[in-house]
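Below is one structure, written out as structure tokens; the observations come after it.
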Amino acid sequence: LAALAGRPDTGNVIVILLPGLDSATSRSKWATALAQAAVWVDLKPPRREQLPQWLRQRMQKLNLSVDDESLDLLVNNAGIAHYVATHQMSDAEWNRILAVNLLAPIQIVRGLLPMLLEKAEAHIVNIGSMAGLVAGAKLAAYNTTKFGLQGWSESLIAEYGRSGLG
């Protein structure tokens with residue numbers, strides 16, 4: 001299993017390689033493997049269109065072998081917020097929150113969709129927030145991004161769900 005967890009707040013990603021696991025592996029085996037056998041590598045990725053080639057090259061440089069060159073799991077987990085009245089937030093802060101919470105996960109998914117679609121049952125996990133369902137005061141930018149991430153996730157299901165992407 002090869003998984004990629006995006007950390008766009010730092011510009012880094014974490015590559016998780018778990019040889020011998022697949023989508024049929026039980027949850028307890030997954031948990032054990034993640035706790036004991038995962039290889040974590042913090043790296044800076046290139047532009048979106050270069051992500052699949054970059055990931056394959058990094059795996060080769062680390063002498064990590066996998067059964068194929070597909071991606072089983074992509075986890076997007078980013079979230080920054082700035083608690084301030086909407087009219088008082090700077091353009092730079094708005095743009096930063098949008099970039100980290102929404103635009104980076106979208107670009108990472110778009111860049112890696114070809115690899116994910118090579119697997120019969122690959123999965124994308126976009127970590128959202130209750131703020132994507134219920135808005136709060138002084139969190140307009142954060143709420144906007146989390147509502148957007150929810151919509152993006154639902155769009156991906158509608159577009160690729162029948163092909164096995166979950």
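All values derive from a computational prediction rather than experimental measurement.
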Same cluster or not: [X] versus [Y], using hydrophobic residues (I, L, V, M, F, W, Y) connected whenever any side-chain heavy atoms lie under 4.5 Å apart?
X    : Y    : result
L156 : M115 : yes
I80  : V84  : yes
I97  : F147 : no

* **N101 side-chain N/O to K146 backbone N/O, donor-acceptor pair under 3.5 Å** => no

* Asked: Has the side chain of N126 got a donor or acceptor atom that lies under 3.5 Å from a matching backbone atom of Q150?
  ->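 No, N126 side chain to Q150 backbone: no donor-acceptor pair under 3.5 Å.
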
Which distance, rounded to the nearest 0.5 Å, do you find between the [atom1] of [X] and the [atom2] of [Y]?
X    : Y    : atom1 : atom2 : result
R110 : Q107 : CZ    : CD    : 5.0 Å
E154 : L149 : CD    : CG    : 10.5 Å
N143 : S129 : CG    : OG    : 7.5 Å

Closest heavy-atom pair and its distance - [X], [Y]:
X    : Y    : result
A99  : P105 : O-CD, 4.5 Å
A131 : Y142 : CB-CE2, 3.4 Å
L139 : H82  : CD2-O, 4.2 Å

* Kindly give the cluster partners of L133, where membership spreads through any ILVMFWY side chain lying under 4.5 Å from a current member. => M130, V134

* Asked: What's in the same ILVMFWY side-chain cluster as L103, cut-off under 4.5 Å, chained through other members?
  ->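 Same cluster as L103: nobody, lone residue.
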
Which pairs would a plain distance check flag for residues 158-166, meaning a side-chain donor or acceptor within less than 3.5 Å of a matching protein atom at least two apart in sequence or in another chain?
residue, atom, partner, partner atom, Å
S163, OG, Y160, O, 2.6

* **side chain to side chain donor-acceptor pair (under 3.5 Å) involving T144 - partner list, sequence neighbours excluded** =>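 None.
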
* Scan residues 77-94 for pairs that pass salt bridge (charged side-chain N to carboxylate O under 4.0 Å, His left out), counting only residues two or more places apart or in two chains. => E93-R96

* **Set of side-chain contact (heavy atoms from CB on, under 4.5 Å) partners for I127, sequence neighbours left out** =>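 Once residues adjacent in sequence are excluded, the partners of I127 under the side-chain contact (heavy atoms from CB on, under 4.5 Å) criterion are V75, N77, V125.
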
